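All heavy atoms count here, side chains included; hydrogens, waters and symmetry mates do not. Please read all numbers here as calculations on a predicted model, not as lab measurements. To find a chain, count down the sequence lines: A is the first, B the second, and so on, and within it residues start at 1.
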2 protein chains.
Amino acid sequence: MTFEAITNADKTFVQIRSDIIAGRIESGAKLSEPELSTKYGVSRAVIREAINRLAACHIVERKANVGARVVALSPEGLIQLYQVREALEGMAARLAAENMSADEVAQLQDLLVSHKSSIAGSESYYQEAGDVDFHYRIIMGSKNEQLINVLFNGLYHLVRMYRVQLGMAGPRVTKAFDEHLHIATAIANRDGELAEILMRRHIHYSKNTIESLLNNELKG
Amino acid sequence: MTFEAITNADKTFVQIRSDIIAGRIESGAKLSEPELSTKYGVSRAVIREAINRLAACHIVERKANVGARVVALSPEGLIQLYQVREALEGMAARLAAENMSADEVAQLQDLLVSHKSSIAGSESYYQEAGDVDFHYRIIMGSKNEQLINVLFNGLYHLVRMYRVQLGMAGPRVTKAFDEHLHIATAIANRDGELAEILMRRHIHYSKNTIESLLNNELKG
DNA sequence: TAACTATATATTGTCGACAATCACGCAAAG
DNA sequence: CTTTGCGTGATTGTCGACAATATATAGTTA
């Protein structure tokens, strides 16, 4: 998920991306190259390369001779992201049931055991890192390079950005944990069909939760 | 699908991509910046930007301080691409049945009528452009921005590259046409569930055809 | 002879400057 | 008063040069 940032352009890319996802650079803002150049203390060429990568992840949009803007965040956009996730991660769960090694399956279950105890204590940890960890392992377990690329180099950072900026620090912790448990069991039983169904429902529920949150926000 | 190439970097990107997909730059080859700079008659900065975009489409892979190489083409990679396409375009067909305007549905059916006549004459045309056109309209008809981005900015060019370089100028013309017809009918009837099933089978068949072709090649 | 080191070369990463293009504001005409 | 055209200012696109890093070669030693 996280990759080794070697060059300055790498580090600047990670930095700016983090600033955008966390909302320190707000949605719709223009990314002026000279401005960012002084702000991050690197040359314009470095900023330019960083912006190019952000555009590749669809975090910003570029227009020729005009510049780059952070993507506009609509509630519909977040819903669309979850639709794609549902299709892709459902498939990932099926493939994981077929292709994960016994070791990887065991590690997946160990992960859930440690999550169970962390839920008893402070739940807040689980929501972010734990959820990502679980999904990460399943996606990697699919052993499908294309799938891994699409999800990690594109969709996941977008999801985080939308969630942060639309204020979805959602609950759904304990219910999600149970769903994770069922998915892991299906994978351990090598039941790809069930694993896919459960994963799709898991993400579908998240989507529904978010939709109702958005609706409440519009009404309130 | 095709976008307006304004700047030099755009044109160079399109040019190099085309050269790679057509096999004029072969799989696994190293993309030397100074070399390409003289070859295409532009500065290194332009080449660099073009290579960055190729990397964003996963057509080339970059390593820091080492350079970029055209991705290695394994038969498994092509199969994995088709797996992802099956999930994504199946979903696109369902969404298209729900979201396409009456006009767009009519245009989709018109397209098939013109394909029917072109099949009677020279089949060869249909295979390439016709197939792409059909799938293109359905994906656009899904109205899901994320889906559109993933498929057009990444997967489609990769599929073309794999097919060309692994020598899959495949047949399957008339059968594919019938399948297209059924899918379009399901969409016209606003039957998303059926449209998804038919589209998944359609792509699955293509995958199977390719798999057996690859197997024959290994044996022969 | 094989393996390790050091140098040399070529390639990538980064920089600052120049050229091309666009956005904004103002003026003038309908 | 609205609209069209121009000019100014700023931003992006492009270029060539320099610095940092990796690969290849040659030399040395066990």
> Do side-chain atoms of Ser18(A) reach the backbone of Val14(A) as a donor and acceptor pair under 3.5 angstrom?
Replying inline: no
> Is the backbone N or O of Ala97(A) less than 3.5 Å from a side-chain atom of Arg190(A), with the two atoms forming a donor-acceptor pair by type?
Replying inline: yes
> Do the charged groups of Glu35(A) and Lys39(A) touch, with an N to O distance under 4.0 Å?
Replying inline: no
> Which residues satisfy the salt bridge (Lys or Arg N to Asp or Glu O under 4.0 Å) test with Lys143(A), sequence neighbours excluded?
Replying inline: Glu104(A)
> Who are the salt bridge (Lys or Arg N to Asp or Glu O under 4.0 Å) partners of Glu86(A), not counting sequence neighbours?
Replying inline: Arg200(A)
Distance check needed: [N] [atom2] versus [X] [atom1], whole Å only.
| X | N | atom1 | atom2 | value |
| --- | --- | --- | --- | --- |
| Arg48(B) | dT14(C) | CZ | P | 7 Å |
| Ile47(A) | dG13(C) | CD1 | P | 16 Å |
| Glu49(A) | dT14(D) | CD | C1' | 15 Å |
| Ile51(A) | dT11(D) | CD1 | C1' | 11 Å |
| Phe13(B) | dT14(D) | CZ | P | 14 Å |
| Ile6(A) | dT14(C) | CD1 | P | 11 Å |

> For the residue pair Leu31(B) and Leu54(B), what are the closest heavy atoms and their distance?
Replying inline: CD1-CD1, 4.3 Å
>> Testing the basics here: between Pro75(B) and Leu214(B), what is the closest heavy-atom pair and its distance to 0.1 Å?
In response: CB-CD1, 3.5 Å
Whether [X] contacts [N] is assessed here as follows: a side-chain N or O lying under 4.0 Å from the phosphate OP1 or OP2. Is that the case?
| X | N | answer |
| --- | --- | --- |
| Asn8(B) | dT14(D) | yes |
| Thr7(B) | dT14(D) | yes |
| Arg62(B) | dG13(C) | yes |

>> Please pick, from dC15(D), dG13(C), dC15(C), the nucleotide with the shortest atom-to-atom distance to any side-chain atom of Ser43(A).
In response: dC15(C)
>> Can you confirm if the aromatic rings of Tyr156(A) and Tyr136(A) lie within a centre distance of less than 6.0 Å?
In response: no
> Are the ring centres of His180(B) and His135(B) closer than 6.0 Å?
Replying inline: yes
> Quick one: which of Val71(A), Val164(A), Val70(A) gives a side chain to side chain contact (heavy atoms under 4.5 Å, CB included) with Ile20(A)?
Replying inline: Val70(A)
> Can you give one letter per nucleotide of nucleotides 17-24 of chain D, going 5' to 3': B for a protein heavy atom under 4.0 Å from the base, S for sugar-phosphate only, - for none?
Replying inline: B---SS--
> For residues 25-33 of chain B, which residues have at least one heavy atom under 4.0 Å from DNA chain C?
Replying inline: Lys30(B), Leu31(B), Ser32(B), Glu33(B)
>> Quick check on contacts: within residues 54-61 of chain B, what sits under 4.0 Å from DNA chain D by heavy-atom distance?
In response: none
> How would you list all residue pairs meeting side-chain hydrogen bond (donor to acceptor under 3.5 Å, both in side chains) that involve residues 55-64 of chain B, not counting sequence neighbours?
Replying inline: Asn52(B)-Arg62(B)
